[in-house]
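For clarity, every value in this text was computed on a predicted model and none was experimentally measured. Just so we're on the same page: letters track the sequence lines, and every chain starts at 1.
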Amino acid sequence: MEIGFFQQVHNVVSNIPYGRITSYGSIAQYLGSKGSARMVGWALNSSKNNTKNIPAHRVVNRNGLLTGKQHFGGANTMAELLQSEGLKIKDNKILDFKEKYWDPNVEIDRN
DNA sequence: AACTTGACGGTCA
DNA sequence: ATGACCGCCAAGT
(Lines give C-alpha, C1' and ligand atoms only; values in the text may rest on other atoms or scores of the structure.)
Protein backbone atom coordinates (compact mmCIF):
# COMPACT_ATOMS: atom_id res chain seq x y z
CA MET A 1 0.00 0.00 0.00
CA GLU A 2 1.18 3.46 -0.77
CA ILE A 3 1.82 5.90 1.99
CA GLY A 4 -0.81 8.64 2.19
CA PHE A 5 0.12 12.22 1.54
CA PHE A 6 -0.50 13.28 5.11
CA GLN A 7 1.75 10.55 6.44
CA GLN A 8 4.58 11.62 4.18
CA VAL A 9 4.18 15.14 5.45
CA HIS A 10 4.20 13.90 9.03
CA ASN A 11 7.36 11.99 8.26
CA VAL A 12 9.20 14.99 6.89
CA VAL A 13 8.03 17.30 9.66
CA SER A 14 9.11 14.77 12.25
CA ASN A 15 12.58 14.96 10.76
CA ILE A 16 12.91 18.68 11.37
CA PRO A 17 15.62 19.07 14.01
CA TYR A 18 15.06 20.92 17.27
CA GLY A 19 15.49 24.64 16.84
CA ARG A 20 15.22 24.50 13.08
CA ILE A 21 12.30 25.40 10.80
CA THR A 22 11.13 24.92 7.25
CA SER A 23 8.36 26.09 4.98
CA TYR A 24 5.22 24.47 3.62
CA GLY A 25 6.41 24.93 0.09
CA SER A 26 9.71 23.17 0.74
CA ILE A 27 7.91 20.14 2.05
CA ALA A 28 5.54 20.16 -0.90
CA GLN A 29 8.52 20.41 -3.21
CA TYR A 30 10.22 17.55 -1.43
CA LEU A 31 7.17 15.38 -1.93
CA GLY A 32 7.15 16.27 -5.60
CA SER A 33 3.90 16.63 -7.49
CA LYS A 34 2.01 14.70 -4.84
CA GLY A 35 0.71 17.88 -3.39
CA SER A 36 0.82 21.63 -3.25
CA ALA A 37 1.91 23.81 -0.38
CA ARG A 38 -1.71 24.16 0.65
CA MET A 39 -1.93 20.42 0.90
CA VAL A 40 0.89 20.45 3.41
CA GLY A 41 -1.10 22.77 5.62
CA TRP A 42 -4.08 20.55 5.23
CA ALA A 43 -2.03 17.51 6.14
CA LEU A 44 -0.69 19.18 9.24
CA ASN A 45 -4.20 20.10 10.20
CA SER A 46 -5.12 16.44 10.09
CA SER A 47 -1.96 15.71 12.05
CA LYS A 48 -3.68 16.76 15.22
CA ASN A 49 -5.80 13.71 14.56
CA ASN A 50 -2.61 11.71 14.76
CA THR A 51 -1.59 10.63 18.25
CA LYS A 52 2.07 11.10 17.47
CA ASN A 53 3.82 14.26 18.43
CA ILE A 54 4.36 16.23 15.25
CA PRO A 55 6.46 19.39 15.63
CA ALA A 56 4.13 21.33 13.36
CA HIS A 57 5.21 24.60 14.95
CA ARG A 58 8.50 24.25 13.06
CA VAL A 59 6.66 24.73 9.77
CA VAL A 60 6.00 28.29 8.69
CA ASN A 61 5.36 30.00 5.39
CA ARG A 62 8.10 31.09 3.03
CA ASN A 63 8.39 34.50 4.69
CA GLY A 64 9.05 32.99 8.08
CA LEU A 65 5.63 34.20 9.15
CA LEU A 66 3.69 32.14 11.70
CA THR A 67 0.61 31.84 9.57
CA GLY A 68 -0.62 28.72 11.36
CA LYS A 69 -0.43 30.06 14.88
CA GLN A 70 -4.20 30.04 15.00
CA HIS A 71 -4.25 26.28 14.98
CA PHE A 72 -2.19 25.85 18.10
CA GLY A 73 -4.94 26.72 20.51
CA GLY A 74 -3.48 29.73 22.25
CA ALA A 75 -2.97 32.97 20.41
CA ASN A 76 0.77 32.95 20.93
CA THR A 77 1.44 29.27 21.56
CA MET A 78 3.35 28.68 18.36
CA ALA A 79 5.60 31.68 18.86
CA GLU A 80 6.40 30.62 22.41
CA LEU A 81 7.23 27.10 21.31
CA LEU A 82 9.65 28.42 18.73
CA GLN A 83 11.16 30.91 21.13
CA SER A 84 11.71 28.14 23.62
CA GLU A 85 13.76 26.43 20.93
CA GLY A 86 15.99 29.45 20.59
CA LEU A 87 14.42 31.16 17.60
CA LYS A 88 13.97 34.91 17.51
CA ILE A 89 10.37 35.86 16.93
CA LYS A 90 8.92 39.28 16.55
CA ASP A 91 5.44 40.21 15.44
CA ASN A 92 4.68 36.63 14.36
CA LYS A 93 7.76 36.49 12.22
CA ILE A 94 10.97 34.48 12.59
CA LEU A 95 13.82 36.96 12.42
CA ASP A 96 16.57 34.41 11.95
CA PHE A 97 14.50 32.40 9.51
CA LYS A 98 17.23 32.15 6.92
CA GLU A 99 19.85 31.01 9.38
CA LYS A 100 17.71 28.39 11.07
CA TYR A 101 16.04 27.30 7.87
CA TRP A 102 16.11 23.57 7.24
CA ASP A 103 15.46 22.37 3.71
CA PRO A 104 14.32 18.74 3.42
CA ASN A 105 15.39 18.73 -0.19
CA VAL A 106 18.96 19.30 0.94
CA GLU A 107 19.11 17.71 4.38
CA ILE A 108 17.26 14.50 3.72
CA ASP A 109 18.97 11.89 1.62
CA ARG A 110 15.85 10.52 0.09
CA ASN A 111 16.80 7.08 1.37
C1' DA B 1 -22.59 17.27 -8.49
C1' DA B 2 -21.11 22.31 -7.91
C1' DC B 3 -19.08 25.95 -5.23
C1' DT B 4 -16.22 27.68 -1.54
C1' DT B 5 -12.37 27.47 1.52
C1' DG B 6 -7.60 27.10 2.93
C1' DA B 7 -1.51 26.28 8.28
C1' DC B 8 0.88 28.45 0.42
C1' DG B 9 3.87 30.26 -3.27
C1' DG B 10 5.24 32.48 -7.60
C1' DT B 11 4.45 36.18 -10.80
C1' DC B 12 3.11 40.70 -12.26
C1' DA B 13 1.53 45.64 -11.90
C1' DA C 1 8.61 46.96 -1.15
C1' DT C 2 3.35 46.13 -1.24
C1' DG C 3 -0.78 44.25 -3.06
C1' DA C 4 -3.64 41.63 -6.46
C1' DC C 5 -4.16 37.32 -9.12
C1' DC C 6 -3.72 32.68 -10.32
C1' DG C 7 -2.53 27.73 -9.71
C1' DC C 8 -2.48 24.04 -6.61
C1' DC C 9 -6.05 19.89 -4.89
C1' DA C 10 -8.66 17.71 -1.00
C1' DA C 11 -12.66 18.58 2.29
C1' DG C 12 -16.61 20.57 3.77
C1' DT C 13 -21.18 22.46 2.76
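- Of the possible polar contacts, one joining the A:His10 side chain to the A:Ala43 backbone as a donor-acceptor pair under 3.5 Å is found.
- In this structure, A:Ser36 does not reach the B:dG9 phosphate: none of its side-chain N or O atoms is under 4.0 Å from OP1 or OP2.
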Distances under 3.5 Å between protein N/O atoms and the N/O atoms of nucleotides 1-6 of chain B, please, pair by pair.
unit_1	atom_1	unit_2	atom_2	d
B:dG6	N9	A:Arg38	NH1	3.3
B:dG6	N7	A:Arg38	NH1	2.6

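- Between A:Phe5 and A:Trp42, the ring planes are parallel. Angles under 30° get that label, and only those over 60° would be called perpendicular.
- One N or O on the side chain of A:Asp103 and one on the backbone of A:Asn105 form a donor-acceptor pair closer than 3.5 Å.
- Across all their heavy atoms, A:Phe97 and A:Asn61 have their closest contact at CZ-O, 4.0 Å.
- Extent of DNA chain C lying under 4.0 Å from chain A heavy atoms, first and last nucleotide in 5' to 3' order, is C:dG7 to C:dA11.
- For A:Asn45 and B:dA7, the CG to P distance is 7 Å, given to the nearest whole Å.
- Residues satisfying the side-chain hydrogen bond (donor to acceptor under 3.5 Å, both in side chains) criterion with A:Arg58, sequence neighbours excluded, are A:Glu85.
- Across all strands, A:Phe5 comes closer than 4.0 Å to no nucleic acid atom at all (heavy-atom distances).
- Atom pair A:Asn63:CG and B:dT11:C1' shows a separation of 14 Å (rounding to whole Å applied).
- Residue-level contact check: A:Ala28 touches neither bases nor backbone, having no heavy atom under 4.0 Å from any strand.
- Contacts of A:Ser23 classified as side chain to side chain contact (heavy atoms under 4.5 Å, CB included), with partners at least two apart in sequence or in another chain: A:Ser26, A:Tyr101.
- Nearest heavy atom pair, residue A:Ile54 against residue A:Ser47, reads CG1-CB, 4.2 Å.
- As rounded to whole Å, 13 Å separates atom C1' of B:dG10 from atom CG of A:Asn61.
- Both key distances under 3.5 Å define a Watson-Crick or G-U pair, and stretches of 3 or more such consecutive pairs in DNA chain C run B:2-6 with C:9-13, B:8-13 with C:2-7.
- The minimum heavy-atom distance linking A:Leu65 with A:Val60 is given by the pair O-CB, 3.5 Å.
- Closest heavy-atom contact between A:Ala56 and A:Met78: O-CE, 4.3 Å.
- Scored by the side chain to side chain contact (heavy atoms under 4.5 Å, CB included) test, A:Asn15 finds A:Asn11, A:Trp102, A:Ile108 as partners (sequence neighbours excluded).
- When all heavy atoms are compared, the tightest approach of A:Thr77 to A:Gly73 is OG1-C, 4.3 Å.
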